Peer 1: 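Before we start, here is the structure in question, set down as structure tokens.
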Amino acid sequence: MPELPEITLFRNYVRETSLKKTIKKIDFPESSLLQAPAEDFKNELIGKKFQAAERLGKYLVITTTGSPSLIFHFGMTGKLEYYSNQDPPKYSKMILYFEDDYRLAFTCRRKLGKIYLTEDLESFKKENELGPDALEISEKEFLNLLEEKTGAIKAVLTDQHVISGIGNVYSDEMLYQCKIHPKTKTSEISASDKKKLYKKMKHVLEMAIDKEGVRKDFPKTWMIQHRKDGADCSKCDGKVKKIKVGGRSTYFCPTCQKEEG
DNA sequence: ACGGATGTTATTAA
DNA sequence: ATTAATAACATCCG
């Protein structure tokens with residue numbers, strides 16, 4: 001479940017379970033996700049401890065007591081599972097064994113995730129051309145970034161090179177709450193609507209984190225509760241419509257979200 | 001049984 | 001040089 005809020009929850013999960021324990025062994029049941037040789041991961045991580053966990057857009061960065069950091073990208077189906085004395089969870093790609101017999105498994109059913117080892121976070125950001133993090137960015141910076149863009153606002157919001165952290169589901173949510181049509185050209189959005197979008201971006205992401213990603217606990221008025229073609233709009237008599245924007249399934253209310261901003 | 005799924009990226013095309 | 005649409009990756013679920 002991997003957009004910014006979900007990655008934040010994985011970050012918290014690692015903080016609660018896996019810091020400050022010596023790593024004694026690592027298994028790779030499947031190595032196609034590895035962005036460095038398996039031996040490098042072993043050489044660099046075994047005998048060390050995780051020191052901190054941080055989120056960077058949709059990436060989870062786990063720093064160690066030594067130099068390199070372990071970085072996970074979750075793709076569509078990545079998860080972390082902390083467990084002990086059981087069979088590894090299904091689809092495990094990397095299993096870290098700690099000294100106390102607890103283990104942390106990275107699972108990824110569709111294998112769209114990636115596992116990195118990096119010495120230098122700044123160069124990692126550059127190599128991946130990551131835009132500023134959606135929760136870190138200032139309003140001014142946000143407005144400046146949108147200023148340069150011309151394409152559909154949804155495609156801009158979900159472009160990790162512009163802003164990092166926002167994905168398909170939450171971008172729909174922000175646009176719905178702002179009554180902006182997802183195909184609206186970014187350059188045609190009024191200054192006041194851009195400011196509103198900034199506020200809703202933060203609001204949606206923070207609320208999702210606050211509710212620990214449990215969608216049924218999100219407000220009933222949110223689009224996320226109505227992501228189905230033909231579902232009732234929570235704000236008017238209209239029906240939710242499904243279209244494609246930037247190749248992704250997009251849900252919106254044609255009555256609330258008119259083409260012009 | 002076929003279409004779709006929370007993501008990214010390489011390739012084409014405009 | 002940009003930008004936008006499409007395919008591909010791999011696999012399960014409804």
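Not measured: the values here are computed from a predicted model. Per chain, numbering begins at 1; letters A, B, ... match sequence-line order.
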Peer 1: Any sub-3.5 Å donor-acceptor pair from A:Lys20's side-chain atoms to A:Phe50's backbone N or O?
Peer 2: no
Peer 1: Check the orientation of A:Phe124 and A:Tyr59. Use parallel for under 30°, tilted for 30 to 60°, and perpendicular for over 60°.
Peer 2: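 Perpendicular: the ring planes of A:Phe124 and A:Tyr59 meet at over 60°.
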Peer 1: If you assign A:Tyr91 and A:Ala152 each to the DNA chain C nucleotide with the nearest heavy atom, which residue ends up on the more 5' nucleotide?
Peer 2: A:Ala152
Peer 1: Can you check the distance between C:dA8 and B:dG3, where both ends of the measurement are the P atom (answer in whole Å)?
Peer 2: 15 Å
Peer 1: Take atom P in B:dG4 and the same atom in C:dA7, then report the distance between them in whole Å.
Peer 2: 12 Å
Peer 1: For the residue pair A:Thr250 / A:Lys154, report whether a side-chain donor-acceptor contact shorter than 3.5 Å exists.
Peer 2: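 Yes - a donor-acceptor pair under 3.5 Å links their side chains.
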Peer 1: If the cut-off is 4.0 Å, is A:Gln160 near the phosphate of B:dG7, judged by side-chain N/O to OP1 or OP2?
Peer 2: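 A:Gln160 to B:dG7 OP1/OP2: no side-chain N or O under 4.0 Å.
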Peer 1: Looking only at the side chain of A:His161 (C-beta and beyond, no hydrogens), which of the listed nucleotides C:dT3, B:dT9, C:dA10 gets closest?
Peer 2: B:dT9
Peer 1: In this structure, how many angstroms lie between the C1' atom of B:dT9 and the OH atom of A:Tyr59, rounded?
Peer 2: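 Taking atom C1' of B:dT9 as the reference, OH of A:Tyr59 is at 10 Å.
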Peer 1: So with a 6.0 Å cut-off around CD of A:Glu212, is the heavy-atom count from everything else above 12?
Peer 2: no
Peer 1: Answer with base, sugar-phosphate or nothing: what part of the nucleic acid does A:Lys242 contact at a heavy-atom distance below 4.0 Å?
Peer 2: sugar-phosphate
Peer 1: Nearest heavy atom decides the nucleotide; on that basis, is A:Thr158 or A:Lys244 closer to the 5' end of DNA chain B?
Peer 2: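 Looking at the nearest nucleotide for each, A:Lys244 comes out on the 5' side.
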Peer 1: Could you check whether A:Asp232 pairs with A:Lys239 (Lys NZ or Arg NE/NH1/NH2 to Asp/Glu carboxylate O, under 4.0 Å)?
Peer 2: yes
Peer 1: Could you please name the option among C:dA4, B:dT6, B:dT9 that lies closest to any side-chain atom of A:Lys114?
Peer 2: B:dT9
Peer 1: Please give, in whole Å, the distance from B:dA5 C1' to A:Met76 CE?
Peer 2: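 To the nearest whole Å, that distance equals 5 Å.
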Peer 1: How far does CD1 of A:Ile7 sit from CG of A:Asp133, to the nearest 0.5 angstrom?
Peer 2: 11.0 Å
Peer 1: Between B:dT6 and C:dA4, how many Å separate the two C1' atoms, rounded to a whole number?
Peer 2: 22 Å
Peer 1: With respect to the side chain of A:Asn128, which nucleotide from B:dT9, C:dT11, B:dT8 is positioned closest?
Peer 2: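 For A:Asn128, the side-chain atoms sit closest to B:dT9.
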Peer 1: Can you tell me whether the side chain of A:Arg109 and the base of C:dA10 have a donor-acceptor pair closer than 3.5 Å?
Peer 2: no
Peer 1: Assess whether a salt bridge exists between A:Asp101 and A:Lys21, defined as any Lys/Arg side-chain N lying under 4.0 Å from an Asp/Glu carboxylate O.
Peer 2: no
Peer 1: If we take the P atom in both B:dT8 and C:dC12, what is their distance in whole Å?
Peer 2: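 Taking atom P in both B:dT8 and C:dC12, they lie 22 Å apart.
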Peer 1: Give a yes-or-no answer on whether the side chains of A:Glu6 and A:Tyr170 include a donor-acceptor pair shorter than 3.5 Å.
Peer 2: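 Looking only at side-chain atoms, A:Tyr170 and A:Glu6 do form a donor-acceptor pair, the distance falling under 3.5 Å.
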Peer 1: Rounded to whole angstroms, how far apart are CG on A:Asp172 and C1' on B:dA5?
Peer 2: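 Between C1' of B:dA5 and CG of A:Asp172: 14 Å.
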Peer 1: Atom CD1 of A:Ile7 and atom P of B:dT8: how far apart are they, to the nearest Å?
Peer 2: 9 Å
Peer 1: Starting from P on B:dT6, measure out to OH on A:Tyr170 and report it in whole angstrom.
Peer 2: 12 Å
Peer 1: Hey, which sits more toward the 5' end of DNA chain C by its nearest nucleotide, A:Glu30 or A:Gly246?
Peer 2: A:Gly246
Peer 1: Taking NZ from A:Lys79 and C1' from B:dA5, how many angstroms apart are they, rounded to a whole number?
Peer 2: 12 Å
Peer 1: From CG of A:Asp159 over to P of C:dA4, roughly how many Å is that when rounded to an integer?
Peer 2: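 Checked: the CG to P distance equals 10 Å.
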Peer 1: Give one of base, sugar-phosphate or nothing for A:Tyr251, where a contact means two heavy atoms less than 4.0 Å apart.
Peer 2: sugar-phosphate
Peer 1: How is the base pairing of DNA chain B summarised as a dot-bracket string, given the Watson-Crick and G-U wobble criteria with both distances under 3.5 Å, [ ] for crossing and | for another strand?
Peer 2: .||||.||||||||
Peer 1: Can you tell me how far C1' of C:dA1 sits from CD of A:Glu148, to the nearest Å?
Peer 2: 15 Å
Peer 1: Check whether any side-chain N or O of A:Ser249 sits under 4.0 Å from OP1 or OP2 of B:dA5, and answer yes or no.
Peer 2: yes
Peer 1: Is the shortest side-chain N/O distance from A:Arg248 to OP1 or OP2 of B:dG7 below 4.0 Å?
Peer 2: yes
Peer 1: Quick one: does NZ or CZ of A:Lys79 land under 6.0 Å from the six-membered ring centre of A:Tyr13, within 45 degrees of the ring axis?
Peer 2: no
Peer 1: Look at the side chain of A:Lys58 and decide which nucleotide, out of B:dT6, C:dA4, B:dG7, has an atom nearest to it.
Peer 2: B:dG7
Peer 1: Side-chain N or O of A:His73 less than 4.0 angstrom from OP1 or OP2 on B:dG7?
Peer 2: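 Indeed not, no polar side-chain atom of A:His73 lies that close.
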